[in-house]
Amino acid sequence: MKLKLDLHDIFNKGTEIDKALRGIVDEAIEKKATLVEIIPGKGSGQLKKKVLRFLDQKEIKQLYHRVEKDGDNWGRLFIHFRFDTSTGRKGRGRGR
């Protein structure tokens, strides 16, 4: 399962961005989605940096497996989740 979050509509609303990011991470865990696509857009790159800072927080970082920057479209990021099929819990291991 893949989820998607487009941040274009709230690009200048800092607290709403954090809430939207936390919401999509929580939804991915709840639904056991293996991939979340986040679209901060190309712009100046500040929103992408904000998203990466959010994802790098210790309490958030432990919730996902890894972050991938799209090599073809630098206005898009992917968050990969890993779940243990036998227990349904999040798998271990992280990387960038």
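All figures in this text were calculated on a predicted structure; none of them were measured in a lab.
Taking each heavy atom of Leu55 and Tyr64 in turn, the nearest pair found is O-OH, 2.7 Å. Residues Gly41 and His8 share a closest heavy-atom pair of CA-NE2, 3.6 Å. Taking both residues in full, the closest heavy atoms of Pro40 and Gly75 are given as CD-O, 3.2 Å, listed atom of the first, atom of the second, then distance. In plain terms, the two heavy atoms of Ala33 and Phe83 that are nearest each other are O-CE1, 3.1 Å. Shown here for Ile10 and Ala20, the closest heavy-atom pair between the two residues is CD1-CB, 3.8 Å.
With sequence neighbours excluded, no residue satisfies salt bridge (Lys or Arg N to Asp or Glu O under 4.0 Å) with Asp6. Lys58 is linked by a side chain to side chain contact (heavy atoms under 4.5 Å, CB included) to nothing, counting only residues two or more places apart in sequence or in another chain. For Asp72, the side chain to side chain contact (heavy atoms under 4.5 Å, CB included) partners are Asp70, not counting sequence neighbours. Under the side-chain hydrogen bond (donor to acceptor under 3.5 Å, both in side chains) criterion, Glu68 pairs with His80, not counting sequence neighbours. Every residue meeting the side chain to side chain contact (heavy atoms under 4.5 Å, CB included) condition with Lys4, not counting sequence neighbours, appears here in chain and number order: Glu37, Ile39. Partners of Lys50 by salt bridge (Lys or Arg N to Asp or Glu O under 4.0 Å), not counting sequence neighbours, listed by chain and number: Asp18.
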Notebook entry, point to check: Where do Leu21 and Leu5 land on the side chain to side chain contact (heavy atoms under 4.5 Å, CB included) test, with the steps shown first?
Noted result: CA-CA 8 Å; Leu21 290 167; Leu5 176 63; 3.9 Å; yes
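Between the CZ atom in Phe54 and the CZ atom in Arg22 there is a gap of 6.5 Å [rounded to 0.5 Å]. Here CG of Leu3 is found 10.0 Å from CD1 of Ile38. Values are rounded to the nearest 0.5 Å. We find the CG-CG distance between Leu47 and Leu52 to be 9.5 Å, quoted to the nearest 0.5 Å. Taking CD1 of Ile17 as the reference point, atom CG of Leu7 lies at 6.0 Å (rounded to 0.5 Å). Ile29 CD1 to Leu63 CG: the interatomic distance, rounded to the nearest 0.5 Å, is 4.5 Å.
Listed by chain and number, the hydrophobic cluster partners of Phe78 are Leu35, where partners are ILVMFWY side chains within reach of under 4.5 Å, directly or through others.
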